[in-house]
Asker: 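Structure in structure tokens, see below.
This chain uses plain numbering: 1 for the first residue, then up along the sequence. Just follow the structure's listing: the first ligand is 1, and inside any ligand the first atom is 1.
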Amino acid sequence: MTKSSGDDLQPATKLVAAGRRPEWTGTPGQPGSVVNPAVWRASTHLYPDMAAHKAGPRTNEDGRFFYGRRGAPTQWALAEALTQLEPGAHGTMLYPSGVAAIAAALITVLRPGDVLLMTDNAYEPSRAMARGLLADMGVETRWFDPLDIAAFDAAICERTRAVLLETPGSLTLEVQDVPALSAIAKARGVTVLLDNTWASALGFPALTRGADIAIMSLTKHVGGHSDLMMGSASASADLYARLRRTAQQLGHVVSPDDAALALRGLRTMGLRLAQETASALAIAQWLEARPEVSHVLCPMLPGSPGHAIWTRDFTGGCGLFSFVMNGGSADARDALIDALTLFGIGYSWGGFESLATPVDPAALRTATRWPLPGMNPADRFGVRLSIGLEDTGDLIADLDGGLAAWRAAGASA
Ligand SMILES: *Cc1c(COP(=O)(O)O)cnc(C)c1O
């Protein structure tokens, strides 16, 4: 779906108003409307007569009834809302998951024989996609250090067609210099894809910072309630048309029920992100002062990799960050996580509830290593937290108990 209006409004206002077109919240000929677009469950779309039926297949336009795979007003409303929230976007495609969005965007821009550059801190399934699907297609992937601009420049060759950035990386949280990397890529004709799941368009207006395609897992902040899976890709007119063609040919469609849940999540996303960011920063500062912790990898925290770029380029954060223990063992870290009562153990993040998972990225590195430069090799047992909407003091008390369990497990032995 492409955008209709609202460019001049602030993000908080757009979150409330976006996607609520009268024709999606009302009934033709009836005065009045409801607040939210209805859940339009639809496979068959009906044509009023044969003239409309003959015209229908030729239109291939967003926001027109055609057939269920192209969505109906619930999905159109969500896509339009996301476009209105993404400065510089002409349109947004929806996908059944964030991974589906990344895959569809990559195969839209890559052809056999091309080289893809991928940031070395990329989400693990993105790496797996490079080694599997893309390799099978004849696309070669090369990884680069997310913080090394000169190495990125040097890695571009005649066959480089696209780059996948992720800032900050969702395990190790290095913040990339997207404007600098994009400028280099653009000068060489390389398309810039950015996995913007961490910050969302609210915290990082990706297209205005240089990305060509802004990708999000809506499963995280937009859904916000750990009850749906979805992805999106937003882009300018030309790339959006190409994304739409790929998505339609792959048969991608999202359910109207999930789209309605995502729209509901979107309305409170700004509040949730602000609260989670403030809570995460307080918890990161508390962890940083603890002797059991050697490093806190949190973009909002001075000293974290890329913090200066975060301060320069980002308009907000979120609740996802990692910390690394001072020496210790994997068993002691298990004891720490098991002792937490307010943090669930599970993948995903961005929900209203807090989560904790172990971080062991050594095997996921090609161009860089873990522990990160400047870290003691013994300091390698990480924990990733997704801070939810619980009271910050309660979460800190819970983590205090976790650190006690870590000490009791003989972490320093
Ligand atoms: C979760 C996640 C994805 C994938 O999203 P799904 O909706 O789970 O498929 C992509 N990128 C990042 C950074 C993520 O955290």
Side-chain angles (χ1 to χ4, degrees), residues 78 82 92-107 116 118-130 132-134 143 146 163-176 178 192-204 206 211 213-234 247 250 252-255 258-259 261-262 265-266 269 273 276 280 297-299 306 310 314 317-322 344-351 353-359 361 364 382 384-388:
L78 174 61
L82 292 170
T92 298
M93 284 310 300
L94 301 174
Y95 303 88
S97 70
V99 163
I102 295 167
L106 284 169
I107 65 174
L116 167 69
M118 188 180 290
T119 181
D120 209 28
N121 58 356
Y123 181 62
E124 186 183 0
S126 299
R127 296 179 70 96
M129 205 183 289
L133 178 76
L134 296 178
W143 279 270
V163 55
L164 179 65
L165 306 177
E166 184 179 321
T167 181
S170 55
L171 279 184
T172 44
L173 285 303
E174 303 95 330
V175 181
Q176 300 194 277
V178 173
V192 179
L193 287 71
L194 173 67
D195 183 337
N196 199 28
T197 302
W198 188 87
S200 86
L202 293 187
F204 190 76
I213 302 178
I215 301 167
M216 279 195 288
S217 166
L218 307 181
T219 308
K220 313 294 166 51
H221 300 314
V222 172
H225 295 73
S226 306
D227 55 5
L228 74 93
M229 302 212 57
M230 205 180 289
S232 67
S234 304
L250 286 171
H252 279 155
V253 61
V254 305
S255 92
D258 287 344
L261 281 177
L266 194 67
M269 182 169 82
L273 283 180
E276 288 164 14
L297 305 172
C298 174
W310 184 82
F314 284 62
C318 77
L320 189 83
F321 72 96
S322 298
I345 303 171
Y347 296 115
S348 198
W349 44 278
E353 84 295 1
S354 291
L355 296 172
T357 44
V359 173
L364 304 176
R384 187 180 79 173
L385 300 179
S386 174
I387 300 300

Asker: Heavy-atom contacts with ligand 1 below 4.0 Å: which residues, ordered by chain and residue number?
Answerer: Ser97, Gly98, Val99, Ile102, Tyr123, Glu166, Ser170, Asp195, Thr197, Ser217, Thr219, Lys220, Met229, Met230, Trp349
Asker: Do any N or O atoms from the side chain of Ser322 and from the backbone of Leu171 form a donor-acceptor pair under 3.5 angstrom?
Answerer: yes
Asker: Is a side-chain donor or acceptor of His221 paired with a backbone partner of Trp198 at a separation under 3.5 angstrom?
Answerer: yes
Asker: With a 3.5 Å cut-off and no angle check, do the side chains of Ser226 and Glu353 form a donor-acceptor pair?
Answerer: yes
Asker: Check side-chain hydrogen bond (donor to acceptor under 3.5 Å, both in side chains) between Ser217 and all other residues, then give those that pass, not counting sequence neighbours.
Answerer: Thr219
Asker: Say you draw a straight line from CD of Glu166 to OG of Ser126; how long is it, rounded to the nearest 0.5 Å?
Answerer: 6.0 Å
Asker: Can you tell me how far apart CH2 (Trp143) and CG (Leu364) are? Round to the nearest 0.5 Å.
Answerer: 10.5 Å
